[in-house]
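Take a look at the structure set out below.
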Amino acid sequence: MTAGVREEPRETVRSRTPRRLPLPTLLAVLVGFAAVGYRLALLFADVPPTNSDEATMGLAALHIARGDGFPVWFYGQAYMGTLEAYLAAPLIALAGPSVLVLRLPTLALYALFLLLSWRLTRRLGGDRWYALLVVAVLALGADRVVKNQLIAGGGYPELNPAGAALALLTVGLCVTGPGARLPRWAAWGLIAGVLLWVDPLILPYVLTLGALLVAWRWRELAGRAGVVLAGALLLGTAPMLVDSLRHGRNPVAAVLAAGGTGASADWADRLYGGLVLGPPLAMGFCSPGRCATWQLWWALAFPLLLLLAAFTAWHTLRRTWGGPRSVERVSAGVRLALLGGAAGVLAAYAVSNAAGRTPIESSRYLSCLAVAVPALLWPLWQAVRPLAEVESIKATGGRAAGARARVAGVGALAVLAGVLGTGAATTVEVIRAAPAVHAEADRHRSLVDTLGALGVRHVRGGYWTCNRLTYATGENVLCAVVEDDLRPGFDRLPAYRREVAADPDAAWVALAGSPLAARLDARLGPEPGALDVVTVAGWRIYLPRR
């Protein structure tokens, strides 16, 4: 040692060396940031397009922010909780009403879903590379997928992170070992309760994961854990329960009635919309507004993979049955519960009228299939991994075993490549369509500016015009809904109609070229009581002649 120079112990030097993330984890972080950044860029480009249903949630958030009301349900109905409005209300109070502000909480929910899915994959026995694969699949953003994740239209953006959280909590509660378990039971009950208030679409996952907990933890549930779980569940559903008691409403009946409204769809149409179009749309394999024939390959792959993944999980359970509850056994049980939940979601949708009547738009009801992705792709990953070990498999199991491993691995790799490739192609289509969506949003902003310049405070318009316009103006313009034949339509907030009816100078607003515009054009003229028209960027504003 040189005199005057002190050499630090090796342990001290090593302890100061920054710990590096493993390569697959680092890549997963980068993919996650890219996925969130892609969606943030879409939001700044006004993608996905907004609508009056999303604006209705925005109006609820605006009322909460102002203290004008604290709605339990989506306005105009007795189901679908307003959690998204409560999440957005503080931001609207700070920055004012806008679509971007309304969607920032949904973007945060998507980021949380990615993180929870990565963690869930690791807890279910997946290695870091498989967790990277799951994140990459969930990072893809086709038209239907980003609509489900980003539009604050009620219920969909919060389902996936909450479902992944329930699965993670189930893993923790089923694995033996010491720990503070009562907070986990409370969290499980609270999340499940909130989900049942927000949207019952997640119910199949709640039932399958809950059944697993009852089967493996029934003794614990017979004690304090059961009391804590029940109390937290009641707390989560409190908004729904209190409202039902106060107003005599039955949200279950309301949901069933909503699913059965309109003419009954033919069973062939239901099964085609639910089982053929549904899975590719939910997975993000379809173009905006349509599904090309080549994009329907997932309709065949999905049920086969669902059965294969369920068989694999069941086989693991049978093999470990009777022994201690190992991590492998718990992972298999939770995977089976997730797959059962996904099958329940798909079955409930396939038998609904919505699957037959409006299969493209109604495929949003399958958005929570994404919760099961870590379990669904598991057999494919298990088949791909031995590709690097074919020679050792030949040495131990013979040439035939090596050939089988190679064939299975190549087939699984082809399916995974198809998943990533198809999802990437449809993501690119969303980017290509973004300028047109942004241009439409600019036209709507021009409409808002023109109404302000004209001093118009009250208008009549179509359903898909009214609440969007009212929210965009922060209720400076109130709109009453009319049908194309000028008869009164469905107002989610009846107070708007009363205020519009009291204004003799109320205007009309219609999209240029729409049936409503054609009907109003017939009332143009110079005589008193006729209408004058102001055109602006694809819209027509009709003003009463005085």
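As a basis for the values below, the full set of heavy atoms in this structure was taken, side chains included, without hydrogen atoms, waters or symmetry mates.
Each of Trp294, Trp297, Phe302 was compared with Phe285 under the ring-ring contact (aromatic ring centres under 6.0 Å, His included) criterion, and only Trp297 meets it. Between Glu54 and the options Leu102, Leu59, Thr106, a side-chain contact (heavy atoms from CB on, under 4.5 Å) holds for only Leu102.
Leu338 is listed as a side-chain neighbour of Leu124, based on a closest heavy-atom distance under 4.5 Å. Counting heavy atoms from C-beta on, the side chains of Leu109 and Leu87 come closer than 4.5 Å. Residues Leu447 and Ile541 have side chains in contact (heavy-atom distance under 4.5 Å, counting atoms from C-beta outward). Proximity of Trp267 to Val351: side-chain heavy atoms (C-beta onward) are separated by under 4.5 Å at one or more points. Residues Phe33 and Val36 form no side-chain contact, since every pair of their non-hydrogen atoms from C-beta on lies 4.5 Å or further apart. Residues Val419 and Leu380 form no side-chain contact, since every pair of their non-hydrogen atoms from C-beta on lies 4.5 Å or further apart. By the 4.5 Å heavy-atom criterion applied to side chains, Thr427 and Tyr38 are counted as neighbours. Under the 4.5 Å side-chain criterion, counting only non-hydrogen atoms from C-beta, Asp53 is in contact with Trp464.
Tyr496 places no side-chain N or O within donor-acceptor distance of the main-chain N or O of Glu475, the cut-off being under 3.5 Å. Checking side-chain atoms of Tyr471 against main-chain N and O of Ala60 turns up no donor-acceptor pair under 3.5 Å. A distance-only check finds a donor-acceptor pair linking the side chain of Arg457 to the backbone of Asn476 [under 3.5 Å]. Put simply, the side chain of Thr426 never gets that close to the backbone of Cys286: no donor and acceptor are under 3.5 Å apart. Using modelled atom types, no side-chain atom of Ser367 and backbone atom of Tyr156 make a donor-acceptor pair closer than 3.5 Å. A donor-acceptor pair under 3.5 Å is formed between the side chain of Thr208 and the backbone N or O of Tyr205. Side-chain atoms of Trp197 come within 3.5 Å of backbone N or O of Val72 as a donor-acceptor pair. In this structure a side-chain-to-backbone donor-acceptor pair under 3.5 Å is present from Tyr130 to Trp378. A donor-acceptor contact shorter than 3.5 Å is absent between the side chain of Ser117 and the backbone of Leu114. Remark: the backbone N or O of Tyr349 is paired with a side-chain donor or acceptor of Ser352 at under 3.5 angstrom.
Between the CG atom in Leu107 and the CG atom in Leu112 there is a gap of 11.5 Å [rounded to 0.5 Å]. Distance check: Met57 CE to Leu83 CG gives 8.5 Å after rounding to the nearest 0.5 Å. For the atom pair CG (Leu307) and CG (Leu339), the distance works out to 9.5 Å, reported to the nearest 0.5 Å. Distance CG/Leu195 to CD1/Ile202: 5.5 Å, rounded to 0.5 Å. Summarising the geometry, atom CH2 belonging to Trp298 is positioned 9.5 Å from atom OG1 belonging to Thr422; distances are rounded to the nearest 0.5 Å. From Leu511, atom CG reaches atom NE2 of His444 across 8.5 Å, with rounding to the nearest 0.5 Å.
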Apply side chain to side chain contact (heavy atoms under 4.5 Å, CB included) to residues Leu168 and Arg119 and explain how you reach the verdict. CA-CA 8 Å; Leu168 264 174; Arg119 181 59 179 161; 3.8 Å; yes
Go through the steps for Val134 and Trp118 under the test side chain to side chain contact (heavy atoms under 4.5 Å, CB included), then give the verdict. CA-CA 7 Å; Val134 169; Trp118 182 89; over 6 Å; no
Assess whether side chain to side chain contact (heavy atoms under 4.5 Å, CB included) is satisfied between Leu469 and Leu451, documenting all intermediate values. CA-CA 10 Å; Leu469 181 59; Leu451 288 172; 3.7 Å; yes
Yes or no on side chain to side chain contact (heavy atoms under 4.5 Å, CB included) for Trp539 and Thr450, after CA distance, side-chain angles and deciding distance? CA-CA 10 Å; Trp539 291 90; Thr450 303; over 6 Å; no
Assess whether side-chain hydrogen bond (donor to acceptor under 3.5 Å, both in side chains) is satisfied between Arg270 and Asn353, documenting all intermediate values. CA-CA 6 Å; Arg270 296 187 198 187; Asn353 280 326; 2.8 Å; yes
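Nearest heavy atoms, Ala192 versus Leu166: N-CD2, 4.2 Å. Taking both residues in full, the closest heavy atoms of Ile92 and Pro97 are given as CG2-N, 4.1 Å, listed atom of the first, atom of the second, then distance. The minimum heavy-atom distance between Pro379 and Ala309, with the atom names listed, is CG-CA, 3.4 Å. Across all non-hydrogen atoms, the minimal contact from Ala139 to Val31 is CB-CG1, 3.8 Å. When all heavy atoms are compared, the tightest approach of Leu133 to Trp381 is CD2-CE3, 3.9 Å. When all heavy atoms are compared, the tightest approach of Ala61 to Ala88 is CB-CB, 4.2 Å.
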For residues 484-493, which side-chain donor-acceptor pairs fall under 3.5 Å, sequence neighbours excluded?
from: Asp485; atom 1: OD1; to: Arg487; atom 2: N; distance (Å): 3.1
from: Asp485; atom 1: OD1; to: Arg487; atom 2: NE; distance (Å): 3.4
from: Asp485; atom 1: OD2; to: Arg487; atom 2: NE; distance (Å): 2.7
from: Asp485; atom 1: OD2; to: Arg487; atom 2: NH2; distance (Å): 3.1
from: Asp491; atom 1: OD1; to: Val481; atom 2: N; distance (Å): 2.9
from: Asp491; atom 1: OD2; to: Arg497; atom 2: NE; distance (Å): 2.5
from: Asp491; atom 1: OD2; to: Arg497; atom 2: NH2; distance (Å): 2.7
from: Arg492; atom 1: NE; to: Tyr463; atom 2: OH; distance (Å): 2.7
from: Arg492; atom 1: NH1; to: Tyr75; atom 2: O; distance (Å): 2.6
from: Arg492; atom 1: NH1; to: Gln77; atom 2: OE1; distance (Å): 3.3
from: Arg492; atom 1: NH2; to: Tyr463; atom 2: OH; distance (Å): 3.4

For residues 142-154, which side-chain donor-acceptor pairs fall under 3.5 Å, sequence neighbours excluded?
from: Asp143; atom 1: OD2; to: Lys147; atom 2: NZ; distance (Å): 3.3
from: Arg144; atom 1: NE; to: Asn148; atom 2: OD1; distance (Å): 3.2
from: Arg144; atom 1: NH1; to: Glu361; atom 2: OE1; distance (Å): 3.4
from: Arg144; atom 1: NH1; to: Glu361; atom 2: OE2; distance (Å): 3.4
from: Arg144; atom 1: NH2; to: Asn148; atom 2: OD1; distance (Å): 3.2
from: Asn148; atom 1: ND2; to: Arg144; atom 2: O; distance (Å): 3.2
from: Gln149; atom 1: OE1; to: Arg39; atom 2: NE; distance (Å): 2.8
from: Gln149; atom 1: OE1; to: Arg39; atom 2: NH2; distance (Å): 3.1

Listed pairs under 3.5 Å, donor-acceptor, residues 428-438 side chains, sequence neighbours left out:
from: Glu429; atom 1: OE1; to: Ser287; atom 2: OG; distance (Å): 2.8
from: Glu429; atom 1: OE2; to: Ser287; atom 2: OG; distance (Å): 3.2
from: His438; atom 1: ND1; to: Asp46; atom 2: OD2; distance (Å): 2.7

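A donor-acceptor contact under 3.5 angstrom links the side chains of Asp521 and Tyr542, judged on distance only.
For the salt bridge (Lys or Arg N to Asp or Glu O under 4.0 Å) test, no residue two or more places apart in sequence or in another chain qualifies with Asp68. In this structure His458 satisfies the ring-ring contact (aromatic ring centres under 6.0 Å, His included) test with no other residue, sequence neighbours excluded. Scored by the disulfide (SG to SG under 2.5 Å) test, Cys368 finds no partners at all (sequence neighbours excluded).
Between Arg445 and Asp442, at least one side-chain N (NZ, or NE/NH1/NH2) sits under 4.0 Å from a carboxylate O, which counts as a salt bridge.
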